K.L.:
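Got a structure for you, questions after.
Note that the coordinates shown come from a computational prediction; the quantities given were computed from them, not determined experimentally.
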Amino acid sequence: QEDCDRLLRCYKARQFLRIGGRDLCGLAALEEVTAELSALAAASLQIAIEYYTHRLQQEYGQPVTEDGGVAEFTVLGMGKFGGHELNFSSDIDLIYCYSTMCGQTSGGSRGEQIELRRYFVKLSEMISRALHQPTADGFVFRVDTRLRPDGNSGDLAISLNAAETYYESWGQSWERAAMIKARPVAGSMKLGEELLARLEPFIYRRFLDFGMIEDIMLMKKKIDASLNRTGEGELNLKLGRGGIREIEFFIQALQLVNGGKNRLLRERNSLKALRLLGEQDLISEEEVLSLQQAYRFLRTVEHRIQIVQERQTHSLPTRAAEMLALARRSGFSDIDSFSRMLKVHREEVCR
């Protein structure tokens, strides 16, 4: 176990150095940087799945279904991970899912058979710990599983049928929005695609759903109120005024309202989704360009903040020396020119 965890962390450090170096030297576009970070997370997950599956099966044997087949396991990447848009210090939002609860393990050194639910929850715990637990070599990626059905109150892994029942019966508007970006990232890709196919009627309604827009506006108001209480409204590039989240909410609202009838709009990546919205005449070409430019700028600055010691923050520094360093990392010679450009893009988002 220690060898696997150490090798994962060393591999991640080497890749971060390569990706970060290309980013800071202007040798890679934003889309390439975020795609490579997302691919690194997916590869790390797959390695952890294969290693800990082997270990778990040595102890408990194979997970066998009632009809004699082998139960499958998949991982959905959510949020920026699902959209190939990871930051340098992003959490990876995951949902663990397995094919069926009907069956148990067979074989193994323990001589103990356990039900499939227990087996896959154990496997999910081992994978999460392998990636996010700090060691002398650091960590691989912070893992966030709160987007799963029932959040922290639910099992860490859920069966295919249980997931379908949950979303059909109790799924909320924010979960519909979150599922727009969901994609299989590791484990059985086929099982992951089957899960998303079953959830399609939940995510994309056939009729126009303007109530969804009201729900998204309510979510945004709650975020604004929280930022106002902490005084972060102008500092937070993600959640603040004219920030990244406003662009994402705008895209998701149009996708959810129109995506039920127009499958072309079912795109996980924000920049690609903006282009598609323009091609389908839902927004103007001017809006496409201004929002894409704002998104690229804000996400690039976010990278420049987070690349220093993997800071998990989206806020601008308050000290002048740190602000100047950020401006220079972002390609500006001074704070004033950086701040003016930031203001221009934020105003475009708010417009």
Side-chain angles (χ1 to χ4, degrees), residues 1-5 7-8 41-78 81-82 92-133 140-141 143-170 179 182-200 202:
Q1 175 183 342
E2 290 181 3
D3 285 345
C4 177
D5 292 354
L7 289 172
L8 275 173
S44 301
L45 261 172
Q46 186 62 38
I47 291 168
I49 288 173
E50 292 177 8
Y51 178 80
Y52 285 99
T53 293
H54 176 70
R55 282 198 58 193
L56 205 55
Q57 289 186 5
Q58 281 184 321
E59 292 187 45
Y60 294 101
Q62 278 200 331
V64 180
T65 63
E66 282 188 339
D67 60 7
V70 177
E72 294 187 306
F73 179 77
T74 191
V75 184
L76 293 186
M78 309 292 288
F81 190 11
I92 52 174
D93 295 302
L94 307 178
I95 294 178
Y96 297 113
C97 182
Y98 53 97
S99 53
T100 178
M101 295 180 67
C102 301
Q104 58 186 9
T105 58
S106 176
S109 60
R110 283 178 175 262
E112 176 188 357
Q113 294 179 325
I114 60 173
E115 60 180 11
L116 296 187
R117 172 179 168 274
R118 183 181 166 196
Y119 172 89
F120 285 111
V121 167
K122 275 181 175 290
L123 178 60
S124 302
E125 290 171 346
M126 296 167 83
I127 294 165
S128 294
R129 189 164 53 247
L131 295 181
H132 76 217
Q133 183 170 299
V140 188
F141 285 93
V143 174
D144 191 336
T145 57
R146 290 175 296 178
L147 292 181
R148 70 188 189 271
D150 284 325
N152 288 336
S153 301
D155 281 346
L156 191 55
I158 189 168
S159 72
L160 191 65
N161 286 339
E164 184 178 15
T165 299
Y166 170 84
Y167 287 111
E168 284 182 352
S169 304
W170 298 288
M179 276 292 169
R183 70 179 171 97
V185 292
S188 170
M189 297 293 126
K190 181 179 178 182
L191 179 63
E193 293 294 353
E194 182 182 349
L195 173 58
L196 292 179
R198 291 196 189 187
L199 298 184
E200 185 177 296
F202 163 71

K.L.:
Does the side chain of Y98 come within less than 4.5 Å of R117's, by heavy atoms?
P.N.:
yes
K.L.:
Shortest non-hydrogen contact from S159 to C97?
P.N.:
C-SG, 3.9 Å
K.L.:
Would you give the length of the straight line joining atom CD of E66 to atom SG of C102, rounded to the nearest 0.5 angstrom?
P.N.:
4.5 Å
K.L.:
How many angstroms lie between CE in M101 and CG in D155, if you round to the nearest 0.5 Å?
P.N.:
7.5 Å
K.L.:
If you measure from CD on E72 to CZ on F120, what distance do you get to the nearest 0.5 Å?
P.N.:
8.5 Å
K.L.:
State whether a side-chain donor-acceptor pair under 3.5 Å links D67 with T65.
P.N.:
yes
K.L.:
Quick one: closest heavy-atom pair of L76 and V185, and the distance?
P.N.:
C-CG2, 4.1 Å
K.L.:
Side-chain contact test, heavy atoms from C-beta onward, threshold under 4.5 Å: evaluate it for L123 versus Y52 and give yes or no.
P.N.:
yes
K.L.:
For R148 and Y96: C-alpha separation, side-chain torsions, deciding distance, then whether side-chain hydrogen bond (donor to acceptor under 3.5 Å, both in side chains) applies.
P.N.:
CA-CA 8 Å; R148 70 188 189 271; Y96 297 113; over 6 Å; no
K.L.:
Would you call V121 and E125 a side-chain contact if the rule is heavy atoms closer than 4.5 Å?
P.N.:
yes
K.L.:
With the side chain counted from C-beta on, respond yes when L94 and L45 share a heavy-atom pair under 4.5 Å apart, and no when they do not.
P.N.:
yes
K.L.:
Are V75 and F81 close enough that some pair of their side-chain heavy atoms sits under 4.5 Å apart?
P.N.:
no
K.L.:
Is the shortest side-chain heavy-atom distance between R198 and N161 below 4.5 Å?
P.N.:
yes
K.L.:
Roughly how far, to the nearest 0.5 Å, is CG of L160 from CG of L195?
P.N.:
5.5 Å
K.L.:
First locate atom CG of L199, then atom OH of Y166, and finally report the distance between them rounded to the nearest 0.5 Å.
P.N.:
11.5 Å
K.L.:
If you measure from CZ on F73 to OG1 on T53, what distance do you get to the nearest 0.5 Å?
P.N.:
7.0 Å
K.L.:
Are I95 and M179 packed together at the side-chain level, in the sense that at least one heavy-atom pair is separated by less than 4.5 angstrom?
P.N.:
yes
K.L.:
Would you call R118-E112 a salt bridge at under 4.0 Å N-O?
P.N.:
yes
K.L.:
How far apart are the closest heavy atoms of L156 and S128, and which atoms are they?
P.N.:
CD2-OG, 4.4 Å
K.L.:
Can you name the nearest heavy-atom pair linking N152 to R146, along with the distance?
P.N.:
OD1-CG, 3.4 Å
K.L.:
Where is the tightest heavy-atom contact between T74 and P184, given as atom of each residue plus distance?
P.N.:
OG1-CB, 4.3 Å
K.L.:
When you compare the side chain of Q46 with that of E50, does any pair of heavy atoms fall below 4.5 Å?
P.N.:
yes
K.L.:
For residues P63 and Q57, report the shortest heavy-atom separation together with the two atoms involved.
P.N.:
CD-NE2, 3.5 Å
